[in-house]
Amino acid sequence: MTQRLVIATHNKGKLVEMGDLLAPYGFACVSAGELGLPEPEETATTFVGNAELKAEAAMQGSNLPSLADDSGIVVEALDGAPGIYSARWAEIDGKRDFGHAMKRVHEELGANANRRAYFISALSFAEPGKPIRSFEGRVHGTLVWPPRGSRGFGYDPMFLPDGYTETFGEMEPLAKHAISHRAIAFMKLVEGMGWKVTPGAVPAMTLLMKEPR
Ligand code: ITT
C-alpha cells in the first residue's frame with residue numbers, strides 16, 4: 001500500500017518544491033493545509049527546532065508521517081539576519097510581501113560591499129512511535145539588486161547561487177532542485193531514511209501546483 005505522508009507546510013512555494021522532491025519516492029502526499037491542520041507557533045530559536053515543532057504538530061494532528069521545513073536566508077553583513085525571521089520580515093499589514101522583505105534586506109545592507117548570503121533549510125521527519133529525524137542543507141551565493149526573475153518564491157529573485165548566472169528567481173525549477181538548500185537537506189533525508197525511488201512513480205514537476213503560487 002502506498003504510504004501516506006503529510007507535507008507540513010502552509011507555504012505554497014515550499015509545498016510545490018517538497019512535492020516535487022518527494023514525487024519519485026512513491027508517497028501519497030497531502031498538505032497540512034488540505035488536512036486543515038493548524039500552524040504551530042514557531043517558538044524555537046533554531047531552524048531545526050522550528051522544523052521539529054512543525055513536523056511534530058502535523059504528526060500529532062494527523063497520526064501520519066509528517067515532513068516539515070524551516071528555512072530562511074542568512075545575510076553575512078547583517079549578522080545572519082533575517083535568518084529564522086525570514087518570513088516575518090515580509091509581514092506588512094497582516095500579509096506577506098517579499099518585495100518589501102527583499103527591499104528591507106537591500107536597504108539594511110546600504111553601501112556595504114559584502115553581499116554574501118546563504119539559504120538554509122532544515123527538514124524534519126516525524127513518524128508515529130519513532131524518534132524525529134532532522135537534516136540540514138545550505139546553498140551559498142550573493143545578493144543582487146534589483147531582484148531578477150519571477151520564478152520560485154520568497155527571496156529567490158535576489159539570490160544568485162555561486163557558480164551560476166541566473167538567480168533562483170530566473171532558474172527553471174529543476175535547476176533550483178539540483179542545487180538548492182532544500183534539495184541538499186532532502187537528499188540527506190533520503191539517505192538517512194533509506195528511501196528508494198519507486199518504479200513507476202511520477203517524477204513530474206509541480207505536481208501539487210493546483211493554483212498559482
Ligand atoms: P511554513 O512554516 O508553513 O512551512 P513559512 O513560510 O512560515 O511556511 P518559514 O517559517 O520556514 O516558513 O519561513 C521561511 C521563509 O524564508 C519563507 O517564507 C521564504 O520566504 C524564505 N525562504 C525559504 N526557502 C526559500 C527558498 O527556497 N527560496 C526563497 N525564499 C525562501
Side-chain angles (χ1 to χ4, degrees), residues 6-21 31-58 61 66-75 78 80-92 94-105 117-126 134 136-141 143-144 147-161 164 166-186 206 208 213:
V6 180
I7 304 181
T9 180
H10 290 81
N11 177 316
K12 279 196 198 125
K14 284 190 194 178
L15 179 61
V16 171
E17 290 194 7
M18 290 163 80
D20 284 348
L21 292 166
S31 74
E34 283 172 86
L35 291 178
L37 298 173
E39 287 188 62
E41 271 233 58
E42 297 183 21
T43 50
T45 53
T46 61
F47 291 99
V48 167
N50 281 326
E52 292 191 343
L53 281 176
K54 291 186 263 190
E56 189 77 33
S66 300
L67 179 64
D69 164 290
D70 198 68
S71 46
I73 192 156
V74 174
V75 180
L78 300 183
I84 59 167
Y85 304 110
S86 295
R88 264 165 264 181
W89 275 37
E91 273 163 26
I92 181 164
K95 289 196 185 141
R96 283 186 186 176
D97 176 347
F98 283 94
H100 166 76
M102 289 189 283
K103 194 153 174 270
R104 180 165 168 199
V105 169
Y118 63 87
F119 269 122
I120 176 166
S121 161
L123 288 176
S124 295
F125 186 65
S134 295
E136 196 187 277
R138 295 179 185 200
V139 59
H140 293 266
L143 299 176
V144 299
R148 292 172 8 206
S150 54
R151 288 185 162 126
F153 66 99
Y155 296 84
D156 279 343
M158 78 180 305
F159 185 79
L160 185 66
Y164 292 79
E166 286 184 325
T167 67
F168 271 177
E170 294 172 304
M171 278 186 180
E172 293 279 352
L174 266 182
K176 182 178 172 190
H177 288 337
I179 59 168
S180 82
H181 49 312
R182 189 160 293 105
I184 292 167
F186 188 77
T206 59
L208 294 161
R213 297 190 232 180

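Counting starts at 1 for both ligands and their atoms, following the listed order. We're numbering straight along the sequence, starting at 1.
Note: Phe168 and Phe119 have parallel aromatic rings, judged against thresholds of 30 and 60 degrees for the angle between ring planes.
A heavy-atom cutoff of 4.0 Å around ligand 1 is satisfied by the protein residues Thr9, His10, Asn11, Lys14, Glu42, Lys54, Asp69, Asp70, Ser71, Gly72, Ser86, Ala87, Arg96, Phe98, Phe119, Phe153, Gly154, Tyr155, Asp156, Lys176, His181, Arg182.
The two residues Val74 and Ile120 have their closest heavy-atom pair at CG2-CG2, 3.9 Å. Counting all heavy atoms, side chain and backbone alike, Pro161 lies closest to Met171 at CG-CE, 3.7 Å.
Side-chain N or O atoms of His181 include none that pairs as donor or acceptor with a backbone N or O of Gly72 at under 3.5 Å.
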Quiz item: Where do Asp156 and Arg151 land on the salt bridge (Lys or Arg N to Asp or Glu O under 4.0 Å) test, with the steps shown first?
Solution: CA-CA 8 Å; Asp156 279 343; Arg151 288 185 162 126; over 6 Å; no
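In terms of the side-chain hydrogen bond (donor to acceptor under 3.5 Å, both in side chains) criterion, residue partners of Arg148 (sequence neighbours excluded) are, by chain and number, Glu170.
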